[in-house]
Amino acid sequence: MPELPEVETIARGVNARVRGDRIVDAWFGSHREPFKTPAQRQAKGLQGREIVSVHRTGKHIICELGPSDQIRSQLSGHKANAQWIVHLGMTGRLLVTTPDEPLAPHTHARLTLSSGRELRFVDPRRFGRLEFRDFARSEKFESPGAEPLTIEAAEFAALFRGRKLAIKAALLNQSLLAGVGNIYADESLFRAGLRPRRRAGRLTKVDLERLRLALREVLEHAIQLGGSSVSDYVDAEGMPGFFQLEHFVYQRTGDPCRRCKDPIQRIVVAGRSTHYCAKCQV
DNA sequence: ACAGGCTCCTGCAGGC
DNA sequence: TGCCTGCAGGAGCCTG
């Protein structure tokens with residue numbers, strides 16, 4: 001499932017391929033209620049706009065959009081004045097393809113670009129979300145949670161102060177930290193030597209600093225390897241990532257711990273399967 | 001403030 | 001082989 005490193009990989013790949021391209025046509029399929037913006041309004045809003053840049057915020061992919069030709073003649077400059085926001089959910093893919101590439105099942109959106117390429121949104125499980133924002137009528141997208149790659153020690157520690165919930169549940173809460181999902185929560189807790197059920201507010205400054213650094217390290221390493229391909233994740237070109245080979249605990253239930261050889265345990269925390277080593281994590 | 005449960009949705013794995 | 005069941009989970013919602 002796409003988390004921060006996977007979303008970052010996709011956003012970079014899409015940016016490299018479609019930056020400066022123009023949306024000639026936008027098609028939306030029947031994705032029951034997938035869109036925060038109704039499909040028709042979304043298609044109309046995207047039509048004719050330039051893709052100024054593509055980047056990631058939390059688990060969201062943000063396409064910064066310039067004005068369409070029609071509107072542009074009334075404005076000066078090429079500043080972005082709208083956004084297309086893509087959340088991949090669990091099984092979402094954002095692919096840059098040629099028009100003749102066979103249409104994958106569960107393709108819910110197709111943007112035809114002036115370069116001849118297409119930007120496609122494919123999502124079998126339909127947990128993904130698409131949204132169009134025009135700055136004339138809505139705010140710029142802002143993720144409520146902090147960025148785990150850049151957050152400083154004091155701010156990180158403050159997120160958890162006084163909180164009774166399990167540290168794993170806190171890591172998954174997107175309004176605290178944006179971008180951490182099940183894989184990187186488990187992996188960072190292992191690397192920090194902390195049990196997933198430890199109460200967030202009871203962790204010491206030292207614990208939390210270990211966690212902050214472990215989280216940053218694991219996310220950066222995963223980005224370098226193009227993310228983790230555990231279910232069916234692929235990047236903008238359809239290529240898998242390789243960080244799953246570096247997992248210490250995630251989906252390794254019963255397998256020997258890579259540090260101490262004890263079997264990896266599986267429990268449920270915050271309704272999510274949670275993997276840890278009882279010896280290495282205290 | 002938070003836990004726990006449920007919902008959405010499909011593909012896949014396991015049991016029989 | 002084929003069917004059925006259960007499980008996977010991000011996020012939002014609702015209840016306790």
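Lettering follows sequence order; numbering is per chain, from 1.
Distance, A/L4 CG to C/dG10 C1': 14 Å, rounded to whole Å. Distance CD1 (A/I183) to C1' (C/dG9): 11 Å, rounded to an integer number of Å.
Closest to the A/P124 side chain, of the nucleotides B/dG11, C/dA11, C/dG9, is B/dG11. Among the nucleotides B/dA3, B/dG11, C/dG10, the one closest to any side-chain atom of A/L165 is B/dA3. Of the candidates B/dT10, B/dC8, C/dA8, the closest approach to any side-chain atom of A/F127 belongs to B/dC8. Listed nucleotides: C/dA11, C/dG9, B/dC2. Nearest to the side chain of A/M90: C/dG9.
Taking the nucleotide of DNA chain B with the nearest heavy atom to each of A/A169 and A/H106, the more 5' of the two is matched to A/A169.
Residue A/H87 has a polar side-chain atom (N or O) positioned under 4.0 Å from OP1 or OP2 of C/dA11. Between A/T91 and B/dG11 there is no side-chain polar atom (N or O) within less than 4.0 angstrom of OP1 or OP2. A close approach under 4.0 Å does not occur between any side-chain nitrogen or oxygen of A/Y184 and OP1 or OP2 of C/dG10. Between A/R125 and B/dC8, a side-chain N or O to OP1/OP2 separation shorter than 4.0 Å is absent. The phosphate of B/dC2 (OP1 or OP2) has a side-chain N or O of A/R163 nearer than 4.0 angstrom.
Among the protein residues, A/F160 comes within range of no part of the nucleic acid, since none of its heavy atoms lies under 4.0 Å from any strand. Counting any heavy atom pair closer than 4.0 Å across all strands shown, A/A166 reaches sugar-phosphate atoms only and no base atom. Counting any heavy atom pair closer than 4.0 Å across all strands shown, A/R266 reaches sugar-phosphate atoms only and no base atom.
Without hydrogens or angle criteria, A/R198 side chain to A/I167 main chain gives no donor-acceptor distance under 3.5 Å.
Counting atom types as modelled, A/R272 pairs no side-chain N or O with a base atom of C/dA8 as donor and acceptor under 3.5 Å.
In summary, the side chains of A/W84 and A/Q42 do present a donor paired with an acceptor at a separation below 3.5 Å, with no hydrogens or angles considered. Side-chain atoms of A/S143 and A/H60 include no donor-acceptor pair closer than 3.5 Å. There is a side-chain donor-acceptor pair under 3.5 Å between A/T97 and A/R120.
Cation-pi geometry between A/R259 and A/F248 is met: under 6.0 angstrom from the ring centre, within 45 degrees of the axis.
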